[in-house]
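Treat the numbers as computed from the prediction; the structure is a model and nothing was measured. Letters go in sequence order (proteins before strands), and every chain restarts at 1.
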Protein chains: 2
Amino acid sequence: MRQVLTIAKAIGDESRARALLALRSGELCLCQIIDLLELSPSTVSKHMDVLQQAGLVERRKEGRWHYFRLANHQAAPVVRRAIKWVLESLQDEPVVIGDAKKLCCVRRKDPRELSVCYKG
Amino acid sequence: MRQVLTIAKAIGDESRARALLALRSGELCLCQIIDLLELSPSTVSKHMDVLQQAGLVERRKEGRWHYFRLANHQAAPVVRRAIKWVLESLQDEPVVIGDAKKLCCVRRKDPRELSVCYKG
DNA sequence: CCGTTAATTCGCCAATGAACGAAGTATATC
DNA sequence: GATATACTTCGTTCATTGGCGAATTAACGG
């Protein structure tokens with residue numbers, strides 16, 4: 001019960017929902033999600049913590065960067081289904097489409113993908 | 001976007017999640033849900049309003065009684081999938097199983113089903 | 001070692017949400 | 001019409017949440 005409620009509450013915030021959708025296209029570090037959402041670092045850090053507590057995202061640390069990705073196929077069914085639901089339900093949202101465009105440029109900040117923008 | 005967030009927030013409360021699960025077995029009137037959840041009428045009324053606003057339940061008025069049922073198969077896909085997710089994810093929860101047992105007796109209060117309890 | 005960048009933690013504030021009881025509405029029944 | 005039952009609305013209280021900035025920790029680069 002607790003997990004289902006935690007997942008539902010995590011999804012029920014626009015900023016977190018947008019972050020989840022943004023991770024469709026691969027992992028992002030916190031500073032990129034900050035650029036995307038245009039919120040303060042502390043706020044975004046908290047949001048990603050909520051998503052991680054719910055099991056919706058996983059994190060990986062590489063040097064100064066903390067990368068986040070969607071929970072993978074080995075995650076619990078309740079998590080996988082929740083992710084499937086939110087991705088399918090929001091993929092055509094104007095805000096989400098706008099975020100996808102913006103992400104192209106935001107990714108320039110990723111040290112591993114310098115100047116890969118404007119290719120799409 | 002708004003609808004997805006409204007649905008997620010509606011599900012993210014234990015009392016409302018339990019109410020949704022309770023409606024698996026058919027419609028219930030508000031007073032039965034009050035008996036089940038053991039919360040004040042005003043609180044339960046508000047909860048059911050939230051569920052209805054989210055499109056997760058539909059209501060029907062018959063005399064003094066207000067009956068609620070899960071949104072049917074004609075509801076929007078986003079709603080149907082959310083209901084499917086929460087029903088499948090919570091059906092084995094101890095609280096939910098306990099509620100199902102309790103519901104047998106609670107249904108006695110339904111004027112249309114007098115003394116149908118203890119049949120299971 | 002010092003400065004910079006990435007992220008977290010902490011304390012604060014405003015807004016939201018869940019709970020209640022009291023009062024009001026609606027619909028039976030006496 | 002009076003009374004009882006079912007439900008809603010309103011106002012209040014208390015806890016949670018989302019937002020921020022300041023201070024702190026962690027890791028790299030001169």
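- The base of D/dG21 sits within donor-acceptor range of the side chain of A/Ser42, with an N or O pair under 3.5 Å.
- Counting only heavy atoms from C-beta on, A/Thr43 has its side chain closest to D/dC20 among C/dA7, C/dA18, D/dC20.
- Taking only side-chain nitrogens and oxygens, B/His66 never comes nearer than 4.0 Å to OP1 or OP2 of C/dT27.
- Atom-to-atom, CG of B/Asp49 to P of C/dG17 comes out at 13 Å; the value is rounded to the nearest Å.
- Here the C1' atom of nucleotide C/dT25 and the NZ atom of B/Lys61 are 9 Å apart, to the nearest Å.
- Counting any heavy atom pair closer than 4.0 Å across all strands shown, A/Leu39 reaches sugar-phosphate atoms only and no base atom.
- Under 4.0 Å is where a charged nitrogen must lie from a carboxylate oxygen, and between A/Arg18 and A/Glu93 no such pair does.
- For D/dG18, one of the phosphate oxygens OP1 or OP2 lies less than 4.0 angstrom from a side-chain nitrogen or oxygen of A/Arg16.
- When each of C/dT8, D/dC7, C/dA6 is scored by its nearest atom to the side-chain atoms of B/Cys29, the top-ranked nucleotide is D/dC7.
- Note on A/Arg60 versus A/Glu62: salt bridge recorded, some NZ/NE/NH1/NH2 to OD/OE distance being below 4.0 Å.
- Across the interface with DNA chain D, nearest-nucleotide mapping of B/Ser45 and A/Pro41 shows B/Ser45 to be the residue nearer the 5′ end.
- In this structure, the CZ atom of A/Arg64 is 7 Å from the P atom of D/dC28, given to the nearest Å.
- Side-chain proximity of B/Ser40 to D/dG19, D/dC7, C/dG21: nearest is C/dG21.
- With salt bridges taken as basic N to acidic carboxylate O contacts below 4.0 Å, none links B/Glu14 and B/Arg16.
- Following rounding to the nearest Å, A/Lys9 (NZ) and D/dG18 (C1') show an atom-to-atom distance of 14 Å.
- Ionic pairing of A/Glu38 and A/Lys102 is present here: one or more N-O contacts between side-chain nitrogen and carboxylate oxygen are shorter than 4.0 angstrom.
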